[in-house]
Amino acid sequence: MQASLEDEWLWGWDATPGIVSVWAERTGRAVVWRRAAGSDTLTREEDRFRPWLLLPALDDLTHLGARLLPEEAPGAELFDSVAWRELTGAGQFRYLVSASDSRTLEAAVLAGASARLKRQITRLADLGDEAALSLPPEEQYLVATGRTYFGGLAFDDLHRLQFDLETTGLNPAQHSIFLVAVRDNRGFSAVLDVAERGLDGPAAEADLIRRLVALIRQRDPDVIENHNLHGFDLPFLARRAELLGVTLALGRIGGGLRRRPASRGYGPWRGAEADASERDEARGRYTVAGRELIDTLDAVRRYDFAARDLPGHGLKAVARHFGLASPDREYVAGAQVYQTWLVDPARVRHYALDDVNEADGVARLLGGAAFALARMAPRRYERLADAGPATGVLDPLLVRAYLRAGAALPARSVSDGVQHSGASLYLFAAGVATRVVKADVSSLYPSLMRQYRIGPASDRLGALLALVDRLVEQRLAAKRRARAAPPGSRERHTDEALSAAMKILVNSAYGYLAAPGLTRFADVHAANEVTRRGRAVLGLLCRELAARGATLIEGDTDGVYFAVPEGWSEADERRIVAEVATLLPPLIRLEFEGRYAAMLSHEPKNYALLAWDGALTLRGVAFRSSRAEPFGEIFLREAIAALLIDDIPGVRRAYLAMVEALQRRTLATRLVAARVRLSKTPERYLATRGARREASYEAVLASGRTRWEQGEHALVYRATGGQPALLPTTDDGEPSDDPRDYDATHYIRLLRETFAARLARAFTPDDFATLFDNPIQPSLFASPIETIHPTLTARMAPPVEGDEQ
DNA sequence: TTGTCGCGGGG
DNA sequence: GTGTACGCGACAA
């Protein structure tokens, strides 16, 4: 099959299969490791490439005289020549220059620039973004050859190894490693610890690190994975190895573990570290020759960026959420791990092995998207795994596309000060609605880009739109193949991962436009045209649905919740959605997303839905907050479940029952306690205690403790008299006691003012006051509960055509 | 109500 | 080789 230019833009043009790692040097040497699908044979190949970079002009190179040659001239390939080629069309970077060694190339450019500017320039970066475009050596190699990673491989063809450190604390300057769990996807697993070789102290830890390095070299994995690998295990290991004088020869050649600059996108966050050096430590990324270092936390963030359904991003929470935790999973609270090891080492070994097994499960479940991206984009797998999709994937694809077409590239976009406009968000009605339908446009923004051919003005080749077109088409094909493949098969995993990767890219195309200064081809005017069209589409949907009898509830960006009149069937609901769908252009596809028995509309993006099968979903911060005291959510679920079936006495019963349980303290203390994290050290809190008291730390101090570990979790509540109190817990964070001395009045007030308040939109003020009267001072004017029904109150009319906000 | 600060993850 | 995250919640003013 003849591949089109556009297919080459997406997939490259060199089909060399099985590349699992690339290590390229400035000398023009590239080492490529390849693996055959379904076999354990690894081959290492040496390749040569000509390091290259892009320049706006050749002026800074004319000092080379006869050593500067057009690419096709005899002698252009000689070791001390610099070859050039002019790229076509308008664009800042019109010259592709190359040499047999990038040091020759850069030295020539720097000498010319220094002479021109009459000052010594020592680094390309000092010339600024517009003076040169240069990529890391591996990317130069991949762009020049058209090769990509992982051709013909499935995820588990990679040899993937997970290791997890257990340490005496979080700070490598004062804590140490005492155990390491290791496993791989070839059936190996082991636990190494400091106690098994008759050594003590630093000698035992140094020996443990040496054994870990030897074991990794012996297993020889392509990929090393763990949760927070770059944020914890690698920096901790690197620091301990440095302090102990151990070399971390983890690579397949050349040895050492190196830092690489933090990528944009999903890098470790700026933490609460005390000083700048600690902060740098936390921001770092690591790399070794021949292996890819993959952090499953990046995959989790990338997943949750769109899904937003994870309770947290920690390994245990994610594993439980996806059902990856084994039934005999051992849990030990972080701060207790070392203490537990001292008294029950077997338990900690079990725990650490559970951790690496779960890290493998998370990598397999969520890591496929980055794996699939690496089959497309000219970057190392480990860089694609932590990159933002716009700067980290689309930009490299576009740079490769332009060079493949021999076209000049623009300088990176800069903001021209034009404001970026957003989507529309409407709350049409608040309160309780019944017979509710959700309709939305799938992938609205990329569909608008395709429908109206909205792309960056500077993209003369139309490459971004061409990529989006192909991604959308090929994603549909991948989804079809995935559905046809047997569940659990490698074919299915591969195609599902491909589909996920393509979805990430398609959905980031709009964000790419809206990021001047970050992406090369950003175009805020184009981005604004997309959102303007989007607002028009949403406005049209709302008007046309309302004209067909729908009661609008909420409209947000690309979708609408609406209620239909009593007596309508599901067929009627589908009919009006289908009718409105025909009013939209062909690529803008309105879909019937779901139907619900009832909905409580509270605020934009904050609502509760009752499905026809009785399942209750709460959405938005008003209804779900990880920090909220458990009794509040228990009450809300019960009260809303009753509210949505018009059982107002049931709402009242839920309220009174909770009031009584609090008043008589039949409710367990843990249900009023909030789970907090003690993020400050005792020293740091005591330093600011005078100026600012914080309930969490006051609770610990009030319990008689003066010491705690930084990062320790605690259950905190308000005791009688308003005093902050600590609920004692066992090692695994479960309450070990139940003093039942909480401040009932305080929690009853919280119940009314914070939790019951979230039902206020469903009632008139009088009815609300009647339902949730202060049980301590009942209202004198209560109307009978039986006469109260929830209401839906109109907030605004549908936007008028051409006047969408 | 408005601003400021801190969190997230790892032991 | 460097820097620029981000969106939300709690608390103080």
Side-chain angles (χ1 to χ4, degrees), chain A residues 106 122-129 134-136 164-172 174-181 226-237 240 258-273 276 279-285 295-298 300-301 304-305 308 310-318 332-341 348 351-352 355 359 386 388 390-391 415 511 515-518 605-606 620-622 624-628 674 676-680 684 688 691-696 709-713 716 754:
Chain A
E106 285 173 25
T122 54
R123 296 183 318 175
L124 275 184
D126 295 340
L127 286 170
D129 254 6
S134 86
L135 301 180
D164 187 49
L165 306 183
E166 301 304 330
T167 67
T168 59
L170 292 168
N171 181 355
Q174 61 187 85
H175 300 125
S176 62
I177 305 167
F178 66 87
L179 180 147
V180 190
N226 195 22
H227 203 66
N228 208 13
L229 180 71
H230 289 287
F232 179 72
D233 298 271
L234 290 176
F236 202 105
L237 183 63
R240 295 308 295 168
R258 312 181 194 185
R259 303 186 65 97
R260 68 176 159 97
S263 307
R264 289 191 45 75
Y266 301 85
W269 50 83
R270 166 177 46 77
E273 289 77 14
R279 199 155 46 236
D280 287 350
E281 192 79 24
R283 276 192 61 80
R285 290 281 166 171
D295 193 332
T296 50
L297 181 56
D298 292 323
V300 165
R301 289 185 182 151
D304 203 39
F305 183 76
R308 293 181 188 284
L310 293 177
H313 293 172
L315 179 64
K316 283 85 177 165
V318 173
V332 182
Q336 306 298 329
V337 169
Y338 183 56
Q339 298 305 319
T340 307
W341 159 255
V348 174
Y351 163 78
D355 268 9
D386 66 44
T391 51
S415 171
L518 298 178
K605 297 178 195 268
N606 282 272
V621 288
R624 304 184 52 167
S625 162
S626 57
R627 246 219 62 155
V676 300
R677 184 172 173 271
L678 306 172
S679 58
K680 297 177 180 171
R684 247 197 322 144
T688 57
R692 182 178 145 156
R693 301 225 156 176
E694 295 177 50
S696 316
E709 291 286 330
Q710 184 181 14
E712 193 178 325
H713 286 278
V716 169
T754 300

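Order of the sequence lines fixes the chain letters, A, B, ..., with proteins taken first and strands second; residue numbering starts at 1 for each chain.
Between the NE2 atom of A/His175 and the P atom of B/dG10 there is a distance of 17 Å, rounded to whole Å. At whole-Å resolution of the value, CG in A/Leu135 and C1' in C/dT2 are 16 Å apart. For the pair A/Asn226 CG and B/dG9 P, the interatomic distance rounds to 15 Å; values are reported in whole Å. Put simply, NE2 on A/His313 is 13 Å from P on C/dC8, counting in whole angstrom units. Put simply, CZ on A/Arg123 is 7 Å from P on C/dT2, counting in whole angstrom units. Rounding to whole angstrom units, OH of residue A/Tyr338 and P of B/dG11 are separated by 16 Å. Here the P atom of nucleotide B/dG8 and the CG atom of A/Asp304 are 15 Å apart, to the nearest Å. Atom CD in A/Gln339 sits roughly 16 Å away from atom P in B/dG11 (whole-Å rounding).
Nearest to the side-chain atoms of A/Leu518 among the listed nucleotides B/dG10, C/dT4, B/dG9 stands C/dT4. When distances run from any side-chain atom of A/Asp355 to the nucleotides C/dG1, B/dG9, B/dG11, the shortest one goes to B/dG11. Ranking C/dG1, B/dG10, B/dG11 by closeness to the A/Asn228 side chain, first place goes to B/dG10. Nearest nucleotide to the A/Lys316 side chain, out of B/dG11, B/dG9, C/dG1: B/dG11.
Using a 4.0 Å heavy-atom distance criterion, A/Leu315 is classed as a sugar-phosphate-only contact. Looking at heavy-atom distances under 4.0 Å, A/Ile177 makes no contact with the nucleic acid at all.
If you check the side chains of A/Asp304 and A/His313, you find a donor sitting under 3.5 Å from an acceptor.
The number of heavy-atom neighbours closer than 6.0 Å to OH of A/Tyr351, taken from other residues, nucleotides and ligands shown, is above 12.
Rounded to whole Å, the separation between the P atoms of C/dG9 and B/dG9 comes to 15 Å. For C/dA5 and B/dC5, the P atoms lie 16 Å apart once the distance is rounded to whole Å. Taking atom C1' on both nucleotides, C/dG7 is separated from B/dG11 by 27 Å, rounded to a whole Å.
Considering every non-hydrogen atom in both A/Asp295 and A/Asn228, the closest pair reads OD1-N, 2.6 Å.
The shortest side-chain heavy-atom distance between A/Thr167 and A/Arg240 does not fall under the 4.5 Å cut-off.
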Determine whether A/Val337 and A/Phe178 satisfy the following criterion, side-chain contact (heavy atoms from CB on, under 4.5 Å), listing intermediate values before the conclusion.
CA-CA 10 Å; A/Val337 169; A/Phe178 66 87; 3.7 Å; yes
